[in-house]
Number of protein chains: 2
Amino acid sequence: MPREKKLATIGQIAASVGVATSTLRFYEREGLLSPAGRSPAGYRLYELGAVEQLQFIRSAQSVGFSLENIKALLSLDERTSCKQVQIMIQSRLNDITQRIVELKSVQRTLTHTLNRCRKSKKGCPVLKDFLKP
Amino acid sequence: MPREKKLATIGQIAASVGVATSTLRFYEREGLLSPAGRSPAGYRLYELGAVEQLQFIRSAQSVGFSLENIKALLSLDERTSCKQVQIMIQSRLNDITQRIVELKSVQRTLTHTLNRCRKSKKGCPVLKDFLKP
DNA sequence: GCCAACCTTAAAGTATAATTGAAGGCTAAT
DNA sequence: ATTAGCCTTCAATTATACTTTAAGGTTGGC
C-alpha cells in the first residue's frame, strides 16, 4: 500500500502562498483547488502540491486569465490537450494585442489633443471640441 | 428679450445619441448633464446642445475617462483652466502608457509560453510549469 | 484541562462603475 | 380613449474576486 503523503491544513497552505484561508475555501467552491481529503474532524487536508497549484493560479491571474479561464486550464488533461492550452493562450494573446491597439489609438488621440491644448492661445480647445478626429 | 430656443424631450435627446432615457436621468443625478428646464407637466426639456455634450461624454468615456473625470472636465471654466485639462489628459496618458507596458510584458510572456508549448513533443509544458521565467 | 488559535458551514456582504428596471401615476398625441 | 412617452423613487443588475459574519466544533501546547 502507498504510504501516506504529508498533508497540510488550510491555514498552512494559505500562509505559505500568502492568501487567506477564505480564499482557498472559495477556490474549492469554484472548482479550482480541492483538498486531498479531510481529517476525522472535517478539517481540509491538502497535499503539498496544492502550493504549486495555487502559485499556478496566481501566475495565470497575473497575466490576465480570469478564474474561469484558469479553471478551464486546470481541467485539461495534460497529455491530450496541449492544443487546447495553445488555443487559450492564443485567445488571450489576441485580446491583449487588440487592447494594445486600442490603447495606442487613444494614446495618439490624447497626445494630439494635448498638443493642441498646449498651443492654444485663447481658451481651451478641448472643452469645445473634444476628440473629434 | 432672447427668443426661446428649441427644446427637446428626454426621449428625443436619448434617441439621437443612442442612449437610454434612464441614462440621461442618471447623468443628471451625477451632475453631468442637466436639462435646460422643465415643461409645465414636469418633463425635462433639453437644449439641442445637450446632444453635443452627450457626445462629448461618450467620446471621453471611449478614451477611458471615468464619469467622475468627465464631470471634472465639464466643470472647468473654459477660459482659465486649460492647464487643468492638460493635467488631466497627461494623467490619463500616463495611465495608458503604463498599461501598454504591462500588456506588452504579458504579451511577451505568453508568446514565449506559446512557443514552448508548440515545440513540446511530450505533454504540455504549460500545465506543469506555467509562466516561470 | 484550559485556552488561544485553529477549523467548520452557508449565506450575505464588499468593492467599483455605470447603468437598468419596476411600480405606480401623470401627459401628449392621434 | 387609447397608447406611447414622461414622471418619481428606490432597488436591482452586471462582472469579478473575494471577504465577512454568525454560530459554533477541534487541536495543540503548557
Side-chain angles (χ1 to χ4, degrees), chain A residues 6-47 50 53-74 88 92 95-96 99, chain B residues 6-47 50 53-74 88 92 95 99 106:
Chain A
K6 276 182 188 161
L7 297 172
T9 64
I10 194 171
Q12 290 162 346
I13 298 290
S16 75
V17 182
V19 301
T21 55
S22 55
T23 303
L24 296 197
R25 294 191 194 96
F26 169 71
Y27 285 174
E28 185 180 354
R29 276 204 302 289
E30 298 295 307
L32 286 159
L33 175 62
S34 294
R38 297 289 184 125
S39 76
Y43 285 21
R44 286 166 180 82
L45 295 174
Y46 293 85
E47 288 174 22
Q53 183 150 338
L54 266 176
Q55 283 162 347
F56 175 93
I57 292 169
R58 300 312 247 193
S59 289
Q61 274 189 302
S62 78
V63 295
F65 286 104
S66 67
L67 293 184
E68 195 181 353
N69 289 157
I70 295 166
K71 181 176 172 182
L73 283 172
L74 288 169
M88 292 184 68
R92 184 88 256 280
D95 289 350
I96 288 169
R99 187 68 185 135
Chain B
K6 275 182 191 163
L7 297 172
T9 64
I10 194 171
Q12 290 163 345
I13 298 291
S16 74
V17 182
V19 300
T21 55
S22 54
T23 303
L24 295 198
R25 293 189 196 99
F26 169 71
Y27 285 174
E28 184 180 354
R29 278 203 302 290
E30 297 294 305
L32 287 159
L33 175 62
S34 293
R38 297 288 184 125
S39 77
Y43 285 22
R44 288 166 180 82
L45 295 173
Y46 294 85
E47 288 174 23
Q53 183 148 339
L54 265 176
Q55 283 162 347
F56 174 95
I57 292 170
R58 300 312 246 192
S59 290
Q61 274 188 303
S62 77
V63 296
F65 286 104
S66 66
L67 292 185
E68 195 181 353
N69 290 157
I70 295 167
K71 182 176 170 181
L73 283 172
L74 289 169
M88 293 183 67
R92 185 86 258 279
D95 289 350
R99 187 67 184 135
V106 170

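Source: prediction; values computed, not measured. Residue numbers begin at 1 in each chain, while the letters A, B, ... track the order of the sequences.
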Counterpart residues, side-chain hydrogen bond (donor to acceptor under 3.5 Å, both in side chains), relative to A/Ser16 (two or more places apart): none

Return yes if some donor-acceptor pair links the side-chain N/O of B/Asp95 with the main-chain N/O of B/Arg92 below 3.5 Å, else return no. no

Any chance you could measure A/Leu74, atom CG, to A/Ile57, atom CD1, to the nearest 0.5 Å? 5.5 Å

Every protein N/O within reach of nucleotides 16-19 of chain C N/O, cut-off under 3.5 Å:
residue	atom	partner	partner atom	Å
C/dA18	OP1	B/Leu67	N	3.0
C/dT19	OP1	B/Arg58	NH1	3.3
C/dT19	OP2	B/Tyr27	OH	2.6
C/dT19	OP2	B/Gln61	NE2	3.0

Hey, does the side chain of A/Ser59 reach the backbone of A/Gln55 with a donor-acceptor pair shorter than 3.5 angstrom? yes

Backbone N/O of B/Tyr46 and side chain of B/Gln12: donor-acceptor pair under 3.5 Å: no

Are A/Phe26 and A/Leu24 side-chain neighbours, meaning at least one heavy-atom pair lies under 4.5 Å? no

When we call it a touch if two heavy atoms are under 4.0 Å apart, what does B/Arg25 touch: a base, just sugar-phosphate, or nothing? base

Boundaries of the DNA chain D segment in contact with chain A, non-hydrogen, under 4.0 Å: D/dA17 to D/dT27

From CD1 of A/Ile10 over to P of C/dC6, roughly how many Å is that when rounded to an integer? 13 Å

I need the A/Leu45 CG to A/Lys6 NZ distance, nearest 0.5 Å. 14.5 Å

Taking 4.0 Å as the cut-off, does a side-chain nitrogen or oxygen of A/Thr9 come that near to OP1 or OP2 on C/dC7? yes

Strictly under 3.5 Å: I want the nitrogen or oxygen pairs between protein and nucleotides 22-30 of chain C, one per line.
residue	atom	partner	partner atom	Å
C/dT27	O4'	B/Tyr43	OH	3.2

Evaluate the side-chain proximity of B/Leu32 to B/Leu54: yes if any heavy-atom separation is below 4.5 Å, no if none is. no

Sequence neighbours excluded - side-chain hydrogen bond (donor to acceptor under 3.5 Å, both in side chains) pairs with any residue from residues 28-43 of chain B: B/Glu28-B/Arg44

Run the side-chain hydrogen bond (donor to acceptor under 3.5 Å, both in side chains) test against B/Arg58 and tell me which residues pass, sequence neighbours left out. B/Tyr27, B/Gln61

